[in-house]
Number of protein chains: 2
Amino acid sequence: MSIQEAPTTPMIDMDALSDLSGFQGTLAQRVYAVLLRAIMTMAAPPGAILRKPELSERLGVSRSPLTEAFARLSADGLVDIVPQSGSRVTYLSLDEIYEASFLRTALEVAAVRHVAAHRDAHQMEALERNLRLLTFQAGEGDLQAFFEVDEAFHALLFQFTGYKRAGTLVRTVSLQLTRARHLILPQEGRVESTLAEHAAIMSAIRAGNAAAAQAAMEAHLDLVAERLAPLAEERPELFRA
Amino acid sequence: MSIQEAPTTPMIDMDALSDLSGFQGTLAQRVYAVLLRAIMTMAAPPGAILRKPELSERLGVSRSPLTEAFARLSADGLVDIVPQSGSRVTYLSLDEIYEASFLRTALEVAAVRHVAAHRDAHQMEALERNLRLLTFQAGEGDLQAFFEVDEAFHALLFQFTGYKRAGTLVRTVSLQLTRARHLILPQEGRVESTLAEHAAIMSAIRAGNAAAAQAAMEAHLDLVAERLAPLAEERPELFRA
DNA sequence: AATTTGTCACTAACATGCTAGTATGTCAAT
DNA sequence: ATTGACATACTAGCATGTTAGTGACAAATT
């Protein structure tokens, strides 16, 4: 394995990672957050080479916090580190996207089953409110707001399991999925189908039917990976050779 | 949060982590592997304070690879790092054990469903062979060998999903579970019930019945967490206050 | 005796210097 | 034009020096 320059090697948009404010924690954590955002938003596209001295100067930190941030990003599967050679943003891979979808579905299914079996009145009210809000935003046509309510629904499910690390874990295993999702435009009919799928999940939760909730959630998440498949043909330069 | 010494603070068994041989990769990875083993086997028991200079001298490395190893162990939930104060092995917690069991079950269930739905002849033969071997070892009474075959069964299921990171992920989320399991003695009838549970899972896989495989796997794994519950009463000094 | 305060030892976090290994460009030989 | 040796300029990994924050403890104060 090696890091090779090429005429077509993509560049990082350095403007996107100018400062560390807006984040908290140690320098290393803030550097990680900044780089993570840059990678997820494609400001640092697949194949881009990450240079410690360059980033060090740009962010105004030494190489130590960068080293720690690189290590975490490598564990997340977002950066390839080649000893004594270099580091670059990982290419996308349909295999990895499907794997991320498999793992995410496993966790989301377990969460929705748990909630369907153990929900209380307070939780139900919060979920119903989310569904009403989603319905409202579908009518408004504000896509950004719609997607935020969509994500909040899934976050609520993990919150209501009572398991603290579960939400963090699902976010980590979904990183490849989330990154690829930044590349596809909203598709025809997606808002309507998402709304219908959430409604199906909710009606299973309302009924306390874990098996039905599982099936509805699986159907919902399978579509996410499916929508990403054409990307490998449309943007081959972003994918692993 | 703070790291406070106390008369009862447990000590690390330094003899258990003398050398780095037997592991490969960078120094940091080998140091991580050595410390992980020490924590999992209770050579570094919950509450033990990890001192970088001490470990640095003992292992013959500088503080850099130790820092990286600490960071990974902290991400695994096995070490608490308190900035500018110190680091100690985390205490056990029934909440975290249940959470680990929840996450592990979510992943194992997804794996066994996948295998039940997509198994091929070659995979079935490997699984049947594992079950025959487990039956044999149950009769032999060699507990260590029995448990290894048990674990191999679960590893095979993840391998047969074809998803490369899944096995690693389940190992990571199960760390708290595995550590606690080192503390309980084999219980009466456990070999027989484990064998019966594996047989139930296998018959569901054979039938290609994903729902039955899921139910059998859930039943199997619920017992693991259940067996650990009494530990909090028997060994309160190992648990979070 | 109880409480505050100052000091000192110790820590993680960070900065920086060093080393060994890798890619790349140059130039000589063919 | 092609190849191959070599010098050069990079890199990650590791060692070590520095800084600022924390806990422990004893002296000072109430």
Self-check item: Heavy-atom check, side chain of Q176(A) versus side chain of T90(A), under 4.5 Å
Solution: yes
Quiz item: Could you give the distance from CZ (R113(A)) to CD (E108(A)), rounded to the nearest 0.5 Å?
Solution: 14.5 Å
Practice problem: With sequence neighbours left out, write down each residue that passes side-chain contact (heavy atoms from CB on, under 4.5 Å) with D13(A), or none if nothing qualifies. | Solution: D15(A), A16(A), A43(A)
Quiz prompt | salt bridge (charged side-chain N to carboxylate O under 4.0 Å, His left out) against E151(B), all qualifying residues, sequence neighbours excluded | solution = none
Roughly, in whole Å, what's the span from [atom1] in [X] to [atom2] in [N]?
X: D80(B); N: dT11(C); atom1: CG; atom2: C1'; value: 15 Å
X: F70(A); N: dA12(D); atom1: CZ; atom2: C1'; value: 10 Å
X: L50(B); N: dC10(C); atom1: CG; atom2: P; value: 17 Å

Exercise. Give a yes/no on whether any side-chain N or O of S64(A) is located under 4.0 angstrom from OP1 or OP2 of dC14(C).
Key: no
All N/O pairs under 3.5 Å across the protein-nucleotides 17-20 of chain D interface:
unit_1  : atom_1 : unit_2 : atom_2 : d
dG17(D) : O6     : R63(B) : NH2    : 2.3

Quiz item: Looking at E237(A) and R235(A), does any basic side-chain N land under 4.0 Å from a carboxylate oxygen?
Solution: yes
Exercise. Confirm from the modelled atom types if S85(B) and dA12(C) form a donor-acceptor pair under 3.5 Å, side chain to base only.
Key: no
Quiz item: Of all the choices, dA15(C), dA15(D), dA12(C), which nucleotide is nearest to the side chain of V61(B) once you look at every atom?
Solution: dA15(D)
Quiz item: Hey, which of these two, L27(A) or P83(A), hits DNA chain C nearer its 5' end, going by closest nucleotide?
Solution: L27(A)
Exercise. Assign the ring pair H154(A) / H220(A) to parallel, tilted or perpendicular, where the plane angle (0 to 90°) is split at 30° and 60°.
Key: parallel
